[in-house]
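Fair warning: this is a prediction, and the values are worked out from it, not measured in the lab.
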Amino acid sequence: MDITESVKRVYRSRLRADQAAATRLAIIRAASDLFAARGYVTTSIDDIAAAARVSRATVFTSVGGKVALLKLAYDVALVGDDEPVPLPARPRSRQIQAEPDARRFLTQYAQLVADIDARVASIYEAVRGAASADLDIAAMWREIQAERRVGAGNVVRMTESKSPLRAGLSAEAAADVVWVLIDPAWYWQLVAERQWSLEQFAAWLGQTLIAQLLP
């Protein structure tokens, strides 16, 4: 067996895989930019292909149709890349989870939410806007809301492990409060529309979470 030829085949295979991954990410980012700027309904596959500098067929073979593109655009914006690592398992999330002080935990969590919202708020609004016009997007919107509510419950459980909740506040009600406060719509309204800075928004969110959840 020619070891050199085997190594060359592995190298070429890896190179093709890297090129395919880069093309896929370029398509997702182009779709995200267009959905955020124009909305879902008025953005076509041809528009996305042109923005990503690929063919229409490449869009479909690399990613899929518009619904798949919108979902992937949201998922990538949520974590910042297309690596298959969920948000709670990422190093920054783990570091925040390990913070023993409840107030510092909520302050750091608020900063994380603000940084995520800076990426995801515009595509979140695109999903919201399209949900009333497309049944598949409506289902996606419901899934996003359900996932956010699960995440809010996890935050409350972590908070309770560090401090009692405010008197009279149940864990279920606390999770509802967190679910509402971490809605990217708040970022969209206060930062994108009212021109708050990212730091102002993160500070407000942290202070509000502390006031609502802790004694």
Shortest non-hydrogen contact from [X] toward [Y]:
{"X": "Ala51", "Y": "Leu34", "answer": "CB-CD1, 4.0 Å"}
{"X": "Met158", "Y": "Ser161", "answer": "O-OG, 2.6 Å"}
{"X": "Ala131", "Y": "Ala138", "answer": "O-CB, 3.3 Å"}
{"X": "Ser197", "Y": "Val191", "answer": "O-CG2, 4.2 Å"}
{"X": "Ala171", "Y": "Glu160", "answer": "CB-OE1, 3.8 Å"}
{"X": "Arg119", "Y": "Leu78", "answer": "NH2-O, 2.7 Å"}

Give, for atom [atom1] of [X] and atom [atom2] of [Y], the distance between the pair rounded to the nearest 0.5 Å.
{"X": "Ile28", "Y": "Asp75", "atom1": "CD1", "atom2": "CG", "answer": "9.0 Å"}
{"X": "Phe105", "Y": "Gln97", "atom1": "CZ", "atom2": "CD", "answer": "7.0 Å"}
{"X": "Ile210", "Y": "Arg104", "atom1": "CD1", "atom2": "CZ", "answer": "10.5 Å"}
{"X": "Gln207", "Y": "Thr107", "atom1": "CD", "atom2": "OG1", "answer": "8.0 Å"}
{"X": "Leu198", "Y": "Gln111", "atom1": "CG", "atom2": "CD", "answer": "5.5 Å"}
{"X": "Ile182", "Y": "Thr208", "atom1": "CD1", "atom2": "OG1", "answer": "13.5 Å"}

Set of residues satisfying salt bridge (charged side-chain N to carboxylate O under 4.0 Å, His left out) with respect to [X], sequence neighbours excluded:
{"X": "Glu147", "result": "none"}
{"X": "Arg103", "result": "none"}
{"X": "Arg166", "result": "none"}
{"X": "Asp136", "result": "none"}

According to the ring pair (Phe, Tyr, Trp, His ring centres under 6.0 Å) rule, which pairs have a member within [range], sequence neighbours left out?
{"range": "residues 128-148", "value": "Tyr124-Trp141"}
{"range": "residues 147-190", "value": "Trp186-Trp204, Tyr187-Phe201"}
{"range": "residues 45-72", "value": "none"}

Are [X] and [Y] packed together at the side-chain level, in the sense that at least one heavy-atom pair is separated by less than 4.5 angstrom?
{"X": "Arg24", "Y": "Leu72", "result": "yes"}
{"X": "Val76", "Y": "Ile123", "result": "no"}
{"X": "Leu69", "Y": "Phe35", "result": "yes"}

* Which pairs pass side chain to side chain donor-acceptor pair (under 3.5 Å) with one or both residues in residues 28-40, sequence neighbours excluded? -> Arg38-Asp47
* Asked: For residues 84-95, which residue pairs qualify under side chain to side chain donor-acceptor pair (under 3.5 Å), counting only residues two or more places apart or in two chains?
  -> Asp81-Arg90, Arg92-Asp115
Same cluster or not: are [X] and [Y] linked, directly or through other Ile, Leu, Val, Met, Phe, Trp or Tyr residues, by side-chain heavy atoms under 4.5 angstrom apart?
{"X": "Val178", "Y": "Leu87", "answer": "yes"}
{"X": "Val150", "Y": "Val79", "answer": "no"}
{"X": "Val120", "Y": "Val85", "answer": "no"}

* **Results of side chain to side chain donor-acceptor pair (under 3.5 Å) for Glu199 - residues two or more places apart only** => none
* When you check the gap from the basic side-chain N to the acidic O, do Arg128 and Glu125 get nearer than 4.0 Å? -> yes
* Structure fact -> Residue set satisfying side chain to side chain contact (heavy atoms under 4.5 Å, CB included) with Ala26, at least two apart, ordered chain then number -> none
* **Residues that Ala102 engages under side chain to side chain contact (heavy atoms under 4.5 Å, CB included), provided they are two or more places apart** => Lys162, Ser163, Leu214
* To do: Return yes when atom CZ of Arg56 has more than 12 non-hydrogen atoms of other residues, nucleotides or ligands closer than 6.0 Å, and no otherwise.
  => yes
* To do: Identify which one of Ile96, Leu213, Leu205 satisfies the side-chain contact (heavy atoms from CB on, under 4.5 Å) criterion when paired with Leu106.
  => Leu213
* Under the criterion side chain to side chain donor-acceptor pair (under 3.5 Å), which of Arg142, Arg148, Arg149 is the partner of Gln145? -> Arg148
